[in-house]
Structures are given as structure tokens and as C-alpha cells.
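See structure below.
What you are looking at is a predicted structure, and each value in this text was computed from that prediction instead of being measured. Position 1 is the first residue of the sequence, and the numbers go up from there.
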Amino acid sequence: MSFIDEIKKRAKNEMKTIILPEAEDKRVLEAASKVIKEGFAKVILLGDEEKIKDDSKKYEINLDGVDIINPLTSEKKEEYKQTLYELRKNKGMTLEQAEELLKEPIYFGMMMLKDENSGAAHSTANTLRPALQILKTKPGTKLVSAFFVMCVPDCEFGEKGTFIFGDSGLNQNPTADELSEIAISSANSFKQLVRKDAKVAMLSYSTKGSAKSELTEKVIEATKLVKEKENTLMVDGELQLDAAIVPEIAKSKAPDSPLKGEANVLIFPDLDAGNIGYK
């Protein structure tokens with residue numbers, strides 16, 4: 001069973017609700033329709049109901065079964081305004097500013113999550129800002145980072161073709177210590193999502209000293225720090241991609257690596273490396 005199939009099965013059993021604040025985006029409408037059709041989650045779209053329905057007709061997208069909430073007319077808007085004000089008043093927020101922010105579906109959606117009743121079109125920064133302001137970070141989190149879950153069909157590498165790429169969305173040029181935190185949080189996310197043990201490769205253009213520079217030293221130091229912080233985590237570096245995920249090449253380039261070419265969590269040294277070839 002593939003990772004996607006496992007997620008669908010798990011989701012059907014747990015039947016969570018997905019809140020999608022970017023309902024002006026055709027891709028979001030298509031995703032909402034597919035989720036409802038598959039039947040593995042409930043969906044709430046945030047926005048103007050009339051416009052969303054008009055768009056669904058224009059794009060020929062079936063939204064039967066999808067709930068739509070308009071932040072501008074919701075009965076919750078006054079409650080959320082007060083809550084947001086209380087959360088941010090020490091940062092100088094006024095009630096009027098809270099009211100204006102909640103007109104943005106992404107802020108309203110975060111308040112729905114905060115209330116527990118419940119970024120395709122936004123930049124990463126604009127998507128993260130409401131989450132950090134309202135939901136905060138998990139206790140003990142030292143660094144906020146991002147990752148991609150990559151699912152490659154009919155792939156023998158990774159965990160049946162499933163990988164996590166980190167950090168591929170937020171930290172531009174992390175230090176060795178920051179890179180170690182990215183590796184640890186990405187590994188935890190992999191285990192939580194895929195429910196398999198993480199095998200973490202700290203990627204570089206060098207494998208086990210085949211080249212030396214400040215760039216490779218950063219990855220080597222980051223690997224050392226990961227081992228010190230989480231001594232039960234399977235991690236190795238520095239490794240080139242082929243030595244990280246191809247067992248035959250690992251035997252040649254990194255014969256002593258505990259990963260044995262079976263890495264499923266790939267930690268890139270910077271944001272450039274983490275995005276080359278992604279699009």
C-alpha cells in the first residue's frame with residue numbers, strides 16, 4: 001500500500017475537517033471536490049459563497065457536500081475578533097486591526113483552528129504569519145522550518161517512493177545548528193505522517209570527505225549535532241544524493257553508512273539546493 005493510500009485509509013477512519021482559506025484559487029476548488037469525492041475528509045471553504053459557486057460552475061467543478069463559510073458574515077466574527085485582540089494586544093494590536101485581519105480568510109481559518117471547531121495562492125511568509133501569531137509553535141520547538149512530502153509512484157527508493165525534503169521552503173541558508181534542528185523536526189514529521197522510522201541523510205555535494213570546503217564542513221558539523229541531540233535517530237552525512245538513496249552506490253561511496261542507501265528524509269544544505277528541480 002502506498003503512502004497516499006495509507007493516508008486515505010487513515011483519514012477515512014478518523015474523518016477530519018480540512019479548512020481551505022484560498023477558495024478563489026481554481027486548484028483549491030478542484031482539491032476540495034476531490035477530497036469530498038474520495039470521502040476521506042470534510043471540507044470547509046472560506047470566502048464569498050456566491051462567488052465560489054459561480055467559479056465552480058465556470059470551471060465545472062462539483063462542490064456538492066462542501067461547506068462554505070463567509071468570514072464577513074459569520075456569526076463567529078465578533079468572538080474571533082475579541083480572541084485575536086487578546087492574543088495580540090501586547091504586540092500593539094487594536095480591536096479595529098483585529099477586525100480588518102479577520103476579513104482575510106487565512107486569518108479567519110487560523111482562528112477556526114484555534115477555536116478547535118473546525119498556501120496555494122499566498123506566499124510562504126503570508127501563510128506562516130497567521131499561524132505563528134495565532135497557533136504558535138509546538139512547545140520545545142527551536143526553529144520553524146518547512147518540508148515537502150514527495151510521493152513518487154512506482155519508486156523503489158525511500159519509503160516506497162515517499163520522502164520528506166527539508167528545509168525546502170523557509171530557511172534560506174541555515175547554520176549548522178539550524179540545519180540540525182531542521183533534520184530533527186523533519187524526521188519527527190516523517191514518523192508522524194508516514195508512521196515509519198526516519199532515515200535521515202544530510203546532503204552535500206561531497207560524500208564522506210570527497211571534497212572539502214566551508215559548505216561541506218557545515219553539513220558535517222550539523223550531522224554531528226543531530227547525533228548529539230537525538231542519539232537514537234538514524235542519520236548520516238555528508239552524503240551526495242545517490243549515496244543517500246541508492247543502495248548499490250552507497251556500498252561504493254559510503255560503505256560504512258548506517259543508512260545503506262535507504263534514506264527517506266533528505267536534508268538540503270540551503271534553500272537553493274532544496275528547490276532545484278522541484279518545479
Side-chain angles (χ1 to χ4, degrees), residues 11 14-36 40-59 61-148 167 169-172 185 189 271:
E14 298 172 359
M15 194 51 73
K16 300 294 186 180
T17 298
I18 301 173
I19 301 170
L20 299 175
E22 299 173 307
E24 74 279 7
D25 191 304
K26 178 185 176 183
R27 295 169 298 172
V28 171
L29 300 183
E30 290 172 337
S33 178
K34 187 170 183 179
V35 169
I36 291 296
F40 60 83
K42 300 175 183 177
V43 177
I44 297 175
L45 290 172
L46 299 183
D48 181 88
E49 184 173 5
E50 186 175 341
K51 184 179 186 309
I52 291 171
K53 289 183 175 180
D54 286 345
D55 285 347
S56 70
K57 290 178 183 178
K58 178 172 69 175
Y59 299 130
I61 298 171
N62 184 3
L63 293 181
D64 290 347
V66 175
D67 291 328
I68 301 173
I69 294 176
N70 188 341
L72 300 181
T73 59
S74 169
E75 62 183 20
K76 285 281 191 176
K77 69 177 185 177
E78 288 299 317
E79 176 187 335
Y80 288 170
K81 178 179 74 173
Q82 189 64 41
T83 302
L84 180 57
Y85 166 69
E86 293 295 333
L87 285 171
R88 303 294 297 172
K89 65 181 180 181
N90 291 337
K91 300 291 185 180
M93 180 172 289
T94 65
L95 278 169
E96 290 77 14
Q97 289 171 331
E99 184 174 16
E100 282 301 309
L101 281 177
L102 287 171
K103 292 178 182 178
E104 293 290 332
I106 195 164
Y107 272 90
F108 193 90
M110 291 296 172
M111 289 306 302
M112 291 178 71
L113 291 177
K114 181 75 174 176
D115 191 32
E116 296 184 354
N117 285 335
S118 339
H122 292 76
S123 68
T124 300
N126 287 340
T127 301
L128 282 174
R129 191 175 296 113
L132 294 175
Q133 290 175 347
I134 296 169
L135 300 180
K136 313 296 183 182
T137 57
K138 179 181 177 181
T141 301
K142 296 180 181 178
L143 180 73
V144 177
S145 60
F147 61 81
F148 298 146
D167 178 339
L170 190 58
N171 295 283
Q172 294 183 15
S185 62
S189 295
L271 208 56

- Task: Test M112 against I44 for side-chain contact (heavy atoms from CB on, under 4.5 Å), laying out the working first.
- Result: CA-CA 11 Å; M112 291 178 71; I44 297 175; 3.9 Å; yes
- Query: Step by step, would you call M93 with L101 a side-chain contact (heavy atoms from CB on, under 4.5 Å)?
  - Reply: CA-CA 10 Å; M93 180 172 289; L101 281 177; 3.3 Å; yes
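The only option from I19, T17, V35 that meets the side chain to side chain contact (heavy atoms under 4.5 Å, CB included) definition with V43 turns out to be V35.
Residues A41 and I36 share a closest heavy-atom pair of O-CD1, 3.8 Å. Heavy atoms only, all atoms of each residue included: I61 and K26 are closest at CD1-O, 4.1 Å.
The backbone N or O of P71 sits nowhere less than 3.5 Å from a side-chain atom of S74 that would complete a donor-acceptor pair. Within the 3.5 Å criterion, the main-chain N or O of T94 finds a donor-acceptor partner in the side chain of Q97.
Here the side chains of K53 and L63 are not in contact, with every heavy-atom distance at 4.5 Å or above. Contact annotation: the side chain of Y85 never approaches that of E99 to less than 4.5 Å [non-hydrogen atoms, C-beta and beyond]. Looking at heavy atoms from C-beta onward, E24 lies in side-chain contact with E22 at the 4.5 angstrom threshold. Residues L102 and K77 have side chains not in contact (no heavy-atom distance under 4.5 Å, counting atoms from C-beta outward). Contact annotation: the side chain of L29 approaches that of L45 to within less than 4.5 Å [non-hydrogen atoms, C-beta and beyond]. Contact check for I69 versus K76: no side-chain heavy atoms found under the 4.5 Å cut-off. Using a 4.5 Å cut-off on side-chain heavy atoms (C-beta onward), N171 and L271 make no contact.
Side-chain contact check for Q82 and E86: at least one donor-acceptor pair (N or O, by modelled atom type) lies under 3.5 Å.
Considering CG of N70 and CD of E50, their distance stands at 10.5 Å, rounded to 0.5 Å. A distance of 10.5 Å separates OG in S56 from NZ in K51, rounded to the nearest 0.5 Å. Distance check: T83 OG1 to E78 CD gives 11.0 Å after rounding to the nearest 0.5 Å. Taking CZ of F108 as the start and CG of L113 as the end, the distance is 11.5 Å to the nearest 0.5 Å. Annotation: the span from D67 atom CG to L46 atom CG amounts to 10.5 Å, rounded to 0.5 Å. To the nearest 0.5 Å, atoms CG (L20) and CZ (R27) are separated by 12.5 Å.
A salt bridge does not link D54 to K58: none of the charged nitrogens lies less than 4.0 Å from a carboxylate oxygen. Look at E100 and K103 and you find a salt bridge, because one of the NZ, NE, NH1 or NH2 atoms lies within 4.0 Å of a carboxylate O, short of that distance.
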